[in-house]
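Reading through the structure tokens given below for one structure.
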Amino acid sequence: MDEKDAGAGVAERLAEVRGAIGAAAGRAGRGPAAVTLVAVSKTVPAERIEAAIAAGQRVFGENRVQEARAKWPALRERHPELELHLIGPLQTNKAADAVKLFDVIESLDREKLARVLAAEMEKQGRRVPVLVQVNTGKEPQKAGVLPEAADAFIAEAGRLGLEVKGLMCIPPLEEDPSPHFARLAAIARRNGLEILSMGMSGDFEAAVAQGATHVRVGTAIFGSRS
Ligand SMILES: *Cc1c(COP(=O)(O)O)cnc(C)c1O
């Protein structure tokens, strides 16, 4: 597959997604610059990611440390301006790699991880902003702190030395996501947090309407992950 085939459709889809974000922001009385598009490149090969970079995309999300370690050092060397977010669950034994590889960790979800990350950042002399993942739907199989535990957890993470910049959530698949986005926005507001990472391919416009500052979009840009 040559470079051109590898990137087929990516620039067009990116433009469509950017247009839809801008329109949703406009309907909500917000400027298009109020929302950052995080292009979710999990399972996407580097040549296809290059097509997105060539089309002006700068912020990417990966959900697995191991995959990021394999793909991103080379991409980052070629494109030092990129920003990489960790959006998937993080095991404490991968915390050192995560601090090394990512510019934002969106999936802080428990105290033990907060302690390990704080110690690792201190050790590496690298302060990586974090978002607290909230399990707004209280789904047993899903990561994230429960909504009622969020305020105390945010405060504790701050005491441990982490720079908590915002919140992230993944609403239940089968529910209207808007109330979940609104719940996340309320928690951010009362804790004085500026970043709201919410909304994926199927619901990013609803998320923007509820105040998302970051939307994490994969399949709508890169196509379906087989
Ligand atoms: C995969 C993933 C996304 C992107 O999902 P799409 O439906 O492909 O847009 C967003 N957030 C998280 C946490 C993910 O794991």
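Here the structure is a predicted model, which is why all the values come from computation and not from measurement. Counting starts at 1 for both ligands and their atoms, in listed order. Just so it is clear, the values below take in all heavy atoms, side chains as well, and ignore hydrogens, waters and symmetry mates.
For ligand 1, the polar-atom distance check finds an N/O of Gly218 within less than 3.5 Å of one of the ligand's N/O atoms.
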- request: Please step through salt bridge (Lys or Arg N to Asp or Glu O under 4.0 Å) for the pair Lys142 and Glu139, ending with a clear verdict.
  value: CA-CA 5 Å; Lys142 204 166 266 177; Glu139 294 173 281; 2.8 Å; yes
message: Using salt bridge (Lys or Arg N to Asp or Glu O under 4.0 Å), reason through Glu16 and Arg13 one step at a time and then give a plain yes or no.
response: CA-CA 5 Å; Glu16 276 170 32; Arg13 291 214 194 91; over 6 Å; no
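Regarding atom 10 (C) of ligand 1, its nearest protein heavy-atom neighbour is Met200 SD, 3.2 Å. If you check which protein heavy atom lies closest to atom 15 (O) of ligand 1, you get Lys42 NZ, 2.7 Å. Distance from atom 12 (C) of ligand 1 to its nearest protein heavy atom, with residue and atom name: Ile87 CD1, 3.5 Å.
Crowding of Glu148 atom CD: a count of heavy atoms from other residues, nucleotides or ligands under 6.0 Å exceeding 12. Annotation for Glu122: atom CD does not count as buried by contact number, only 12 or fewer foreign heavy atoms lying within 6.0 Å.
Contacts with ligand 1 closer than 4.0 Å are made by side-chain heavy atoms of Arg225 only, the backbone lying farther away.
Near Arg216, meaning under 4.0 Å from any of its heavy atoms, are these atoms of ligand 1: 4 (C), 9 (O), 10 (C), 11 (N), 12 (C), 13 (C). Ligand-side atoms of ligand 1 in range of Ile170: 13 (C), range being under 4.0 angstrom from any heavy atom. With ligand atoms numbered from 1 in the order given, ligand 1 contributes 6 (P), 7 (O), 8 (O), 9 (O) to contacts under 4.0 Å with heavy atoms of Ser201. Within the listing of ligand 1, atoms 9 (O) sit less than 4.0 angstrom from a heavy atom of Val217.
His180 and Gln210 form no side-chain donor-acceptor contact under 3.5 Å, judged by distance and modelled atom types alone.
Atom NE2 of His85 is separated from atom OG of Ser107 by 11.5 Å, given to the nearest 0.5 angstrom. We find the NZ-CD distance between Lys100 and Gln124 to be 5.5 Å, quoted to the nearest 0.5 Å.
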